[in-house]
Amino acid sequence: MAEVQKRLPDSTLKRRQRFHPKRDVRPAVLAKANRLVVRVAAFIGVAFLAIIILQAVF
């Protein structure tokens, strides 16, 4: 992996994007949205498992 990166020119390597206050969403807002997505995904997963367990019992 390191050998491949050495051969590539610097322009093809991805540079870390800087935070631009007027264009970008604030990192705190992104973190909050990510937590919401994780909570919703966890709720859907638990509901799915509960339905499967209930169907197996009845």
Side-chain angles (χ1 to χ4, degrees):
M1 181 76 181
E3 296 170 356
V4 173
Q5 286 184 346
K6 285 180 185 175
R7 281 185 266 148
L8 291 173
D10 290 337
S11 61
T12 58
L13 293 175
K14 227 178 182 183
R15 285 180 299 210
R16 185 171 181 269
Q17 184 183 359
R18 284 191 196 160
F19 169 64
H20 192 279
K22 294 200 175 182
R23 275 190 305 198
D24 298 336
V25 180
R26 279 182 279 149
V29 174
L30 287 176
K32 190 175 180 182
N34 286 342
R35 283 193 298 267
L36 177 66
V37 168
V38 169
R39 283 183 186 160
V40 169
F43 176 76
I44 291 172
V46 169
F48 182 70
L49 289 175
I51 290 171
I52 290 176
I53 290 170
L54 285 173
Q55 284 183 348
V57 169
F58 293 115

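When a residue number appears, it is its place in the shown sequence, counting from 1.
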Novice: Quick one: CG on L49 to CD1 on I44, what's the gap to the nearest 0.5 Å?
Specialist: 12.0 Å

Novice: Any chain of hydrophobic side-chain contacts (each under 4.5 Å) joining V37 to V29?
Specialist: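 No; V29 is not reachable from V37 via cluster members.
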
Novice: What distance separates N34 CG from R39 CZ, expressed to the nearest 0.5 Å?
Specialist: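 The CZ atom of R39 is 12.0 Å from CG of N34, to the nearest 0.5 Å.
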
Novice: Is any side-chain heavy atom of Q55 closer than 4.5 Å to one of I51?
Specialist: yes

